[in-house]
Every structure is written in structure tokens, then in C-alpha cells.
Amino acid sequence: MAVHSKQEIFPALDEEVSGGSFLEHPLPKYRFPLEETEPAPAYQLVHDQLLLDGNSRQNLATFCQTWVEPEVRQLMDECLDKNLIDRDEYPQTTELESRCVYMLADLWHCPDAANTQGCSTTGSSEAAMLGGLAMKYRWKKRRQQEHRPTHRPNLICGPVHTCWPRFARYFDVELRQVPCVGNRLLMSPEEVLKRCDENTIGVVPTLGVTYTLQYEPVHAIALALDDFEEVHGIDIPIHIDAASGGFTAPFLHPAVSWDFRLPRVRSINVSGHKFGLSPLGCGWIVWRTKRDLPEDLVFDVKYLGGHMRSFALNFSRPGGQVVAQYYNFIRLGRKGYTRIAKSCQAVGSWFADELRKFEIFELIYDGRDGLPGCTWSIKPGEYPRFDLYDLADRLRGKGWQVPAYPMPPHRTDLVVQRMVSRLGVSRDLAGLLMDDLRQAVRFLSSSRARPSVGVEAASGYHHI
Ligand SMILES: *Cc1c(COP(=O)(O)O)cnc(C)c1O
């Protein structure tokens with residue numbers, strides 16, 4: 001059974017797949033095939049299997065890029081055979097990677113961008129692991145120098161992406177998560193301070209919380225940690241999880257101070273494959289200065305005739321995503337990224353304004369001060385005949401994927417629904433979704449949908 005499969009169902013190993021007229025013989029479904037199959041029918045078979053996947057352009061759940069320019073496809077094709085780790089063999093790909101790191105440091109106002117350090121990763125999750133490890137090692141080294149114990153590190157965050165609980169579990173760090181309370185669905189400086197002590201390796205605010213799309217108040221948290229240092233003499237660094245926001249805030253909210261403008265911010269991760277507009281498989285982490293990445297973590301490897309310094313979880317990785325990222329940077333520049341981010345933002349805020357016209361919905365986030373998109377829930381005191389899971393389900397019937405899910409503790413009672421407006425989710429496409437949403441609400445509100453739905457009975461299934 002694959003690790004991702006939820007159900008304890010064992011496959012019928014002897015089942016076969018049949019390709020109809022184009023396949024001469026049926027193929028085993030789960031056994032390793034004995035015979036060869038010609039490329040064309042094999043391709044057709046795989047292609048047909050994939051028809052049942054959702055249509056990625058209608059997937060309003062993902063932050064990831066689902067539309068790229070033809071030139072990106074061409075570069076990806078040209079780089080299909082390039083292994084990023086073979087730095088001696090493909091020095092120019094390495095050069096493009098390092099240019100991207102400097103460009104990101106510049107974009108994020110690194111005061112000494114030439115002295116920065118960073119690398120590409122498979123995504124923000126790998127970048128988060130690297131950022132977390134660097135914080136843990138810096139803390140450990142300092143504690144060792146002070147002859148203090150190093151066995152109980154902790155990390156403070158708000159409603160984070162699952163990569164942070166993973167980091168904490170895999171690398172043995174206590175996660176001190178600020179819970180949501182009432183209408184506060186983000187971390188606050190006060191709540192962060194309550195959890196700080198000498199074993200805190202860092203604080204991780206999220207720029208673009210996945211649950212609501214809002215930015216956490218980085219500046220206020222940094223100021224609070226300045227005060228904390230003044231009183232207690234403990235210097236707690238900040239790592240920003242800017243998976244999505246790293247490519248929206250610089251263009252949509254240039255006045256928001258969240259990046260290396262704040263001295264306490266030591267590292268930032270971003271997903272190149274989200275608002276960075278690269279194809280899937282691209283993330284970045286940038287440290288403020290070389291000193292912020294402990295040398296102990298960097299491996300000096302002799303391989304294929306060269307020396308390389310490497311800090312990564314993977315060894316072999318595809319080079320195309322990095323090349324495509326560089327293409328996007330030179331192709332679009334600040335002006336291009338701003339144009340695209342603004343149009344995404346306009347779609348999200350338009351959608352929010354349309355939702356406001358419904359009696360039954362309450363906006364949690366209106367698409368303006370955070371990531372492009374919007375988040376809503378059923379208005380307290382309104383008891384429609386359906387819940388947001390029903391609505392998500394109904395929209396799924398038209399191919400739209402607009403997820404409904406509960407907020408994290410302590411607001412799991414609050415079920416929200418979210419749409420992310422990315423490049424490729426045009427105003428026109430969002431308009432079609434809104435038409436279908438109106439129709440779905442009308443249908444679900446009518447007695448035709450269901451005889452009657454109790455509020456409790458409607459809690460339904462949860463798809464996150
Ligand atoms: C998407 C996301 C991640 C994980 O990033 P991947 O690139 O998918 O690995 C982490 N944190 C936040 C805030 C995200 O939105």
C-alpha cells in the first residue's frame with residue numbers, strides 16, 4: 001500500500017488494465033509487467049488514465065503554478081537531462097541558480113546582498129527544513145559556548161503549513177504554536193512573547209497563511225522580540241515562511257516591512273513554483289549573511305572531478321525549474337511581476353466583493369492586504385440548508401476545486417472556504433466560477449437538494 005493511501009484497502013494484485021483497441025494485450029495493474037509495450041499505445045494508456053485527474057486550471061485550492069509560457073516549456077525540455085548537483089558538468093546552470101539567489105536577496109532588501117547565502121530547493125518544505133536546521137544549529141552552538149544544555153530546543157509559530165510540524169518532529173524540536181482565538185486567526189506579538197525562552201531557536205511568521213491568505217504581523221513581532229532581548233538578553237532570530245508572500249508582498253505591498261529590512265529576519269523561504277511562476281519543483285531559501293548559515297551544515301563534497309559546497313536534503317535534482325525561474329526573473333522583472341500580481345489581486349478582491357452580496361456569507365479575508373484570493377465562511381446566525389462542504393462538493397461537479405476546511409485549534413469550529421487567484425485564473429474564469437457558485441447556492445437552498453439538514457448533521461466529511 002502506498003504511504004499516501006488513507007484506506008486500508010489492499011490492491012487486487014492480479015487485476016489488469018486493458019487498453020481497448022489500441023493495446024494488443026491487457027497489462028497487469030499492480031504486478032511488474034513481463035512484456036514490452038510499444039511507446040504509442042503505452043503513452044495512450046497513461047494519457048487516458050490521467051483524464052480522471054482534476055483540471056489544474058480549475059483548481060482554486062492550489063497556490064502552485066498551473067500555467068506557464070511556451071518558452072518555459074521549451075527550457076524545461078532543454079534541461080530535462082540536467083542534474084543540478086553535477087555542478088562541474090553544468091556550471092552555467094549553477095551560475096543561474098546563484099544569480100537567482102542574489103536577485104532574491106536584492107528583492108527582499110538584503111542590506112549586504114553580495115554577502116548573502118542561499119540555494120534552490122524542491123519547494124518551500126525543503127527550504128523550511130534547511131531554515132529550521134540552521135536556526136537549531138546556531139542556537140546549539142551558542143548554548144555550547146555558554147556551557148548550557150542543548151536538549152530542549154523549541155520553535156514558535158502561528159497557524160503554519162504542515163512542513164513546520166514536520167520539521168519539528170523529524171528534527172526533534174518542540175513546536176510552540178500560537179492558537180487561534182476568537183477573531184484572531186494569526187499569531188500576535190503578545191502571544192509570541194508568552195512562549196519565548198532561552199531554548200527558543202527562532203520564531204516563524206508566515207507571509208500568506210495558507211488557511212486565510214493573510215500576512216502575519218512580522219514587523220510588530222520583530223519589535224516585540226527587540227524588547228524581549230533588551231529585558232532578558234536573549235536574541236531570538238526570525239525566519240519568514242514566505243512561500244507565497246515572498247513573490248507578492250514586494251510587488252503588491254512594498255511598504256510592508258517583513259523582509260531583510262528588519263535586522264532580526266535572518267532567513268526567508270519562498271516557493272518558486274507558487275507566485276514565483278516557475279513550474280513545480282522550485283523553492284528557495286536565502287540567509288541574510290553567510291554567518292547565518294552554520295558551516296557545520298554545509299558539506300564540501302568531492303564529486304565528478306570537482307569540489308562543491310552543498311546544503312540540501314536531496315542529492316540529484318532537476319535543473320529545469322531553476323533555469324525557468326531565472327527566465328521568469330529576466331523576462332518579467334519587477335514591472336512584470338507587479339503587473340501579474342496586481343491582476344491576480346484584482347480577481348481575488350472582485351470575487352470577495354461578489355461574495356459580499358450574498359446574505360449568508362461572511363468574508364474572512366477580502367483579497368487586499370495579503371495574498372491574491374479570498375476566504376469566507378457562513379455568517380454567524382445564518383443557517384442555510386447546506387454547509388461549505390456541500391458547496392465545495394457541488395462545485396466539484398462542475399470541475400471546480402474550491403476547498404472547505406476547518407481552521408486550526410482553537411477555532412476548529414470555524415469552517416472556511418478559500419479561492420486562490422493565480423496567474424491563469426483570469427477575471428473571466430473567476431466569473432464562470434461565480435456563476436456556478438450562485439447556481440450551486442440556489443440549488444442547495446432549494447428543497448430539491450435535501451429534505452432538511454440539521455446544523456449538526458451537516459458537519460459532513462472534511463477534505464483538506
Ligand atoms: C505551500 C506552502 C508551503 C510548502 O511549500 P511547498 O513549496 O509546497 O513545499 C509552506 N508554507 C507555506 C506558507 C505555504 O503556502
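Remember, it's 1-based here, ligands and their atoms both numbered in the order they're listed.
Look at E126 and you'll find every heavy atom at least 4.0 Å from all atoms of ligand 1. At least one heavy atom of C163 sits less than 4.0 Å from an atom of ligand 1.
Side-chain contact between V286 and F260 is present, with heavy atoms from C-beta onward closer than 4.5 Å. Residues L84 and Y90 form no side-chain contact, since every pair of their non-hydrogen atoms from C-beta on lies 4.5 Å or further apart.
Residue, atom and distance of the protein heavy atom nearest to atom 6 (P) of ligand 1 are S124 N, 3.4 Å. Atom 11 (N) of ligand 1 has its closest protein heavy atom at D241 OD2, 2.6 Å. What sits closest to atom 8 (O) of ligand 1 on the protein, heavy atoms only, is H273 NE2, 3.9 Å. Atom 2 (C) of ligand 1 has K274 NZ, 2.3 Å as its closest protein atom, hydrogens excluded (heavy atom only). Residue, atom and distance of the protein heavy atom nearest to atom 10 (C) of ligand 1 are H161 CG, 3.3 Å.
Within the 4.0 Å heavy-atom criterion, the part of S271 lying near ligand 1 is the side chain and not the backbone. Looking at S125 against ligand 1, both its backbone and its side chain come within 4.0 Å, counting heavy atoms.
For ligand 1, the atoms closer than 4.0 angstrom to any heavy atom of T206 are 13 (C).
Cation-pi geometry between R422 and W67 is not met: the NZ or CZ atom fails to fall both under 6.0 Å from the ring centre and inside 45° of the normal.
At a cut-off of 3.5 Å, with distance as the only test, no side-chain donor of T206 or D241 sits close to an acceptor on the other residue.
Taking the six-membered ring for Trp, F329 and Y326 have ring centres at least 6.0 Å apart. In this structure, the ring of F63 has its center no less than 6.0 angstrom from the ring center of H273.
Using cut-offs of 30° and 60° on the angle between ring planes, the pair F351 and W376 is tilted.
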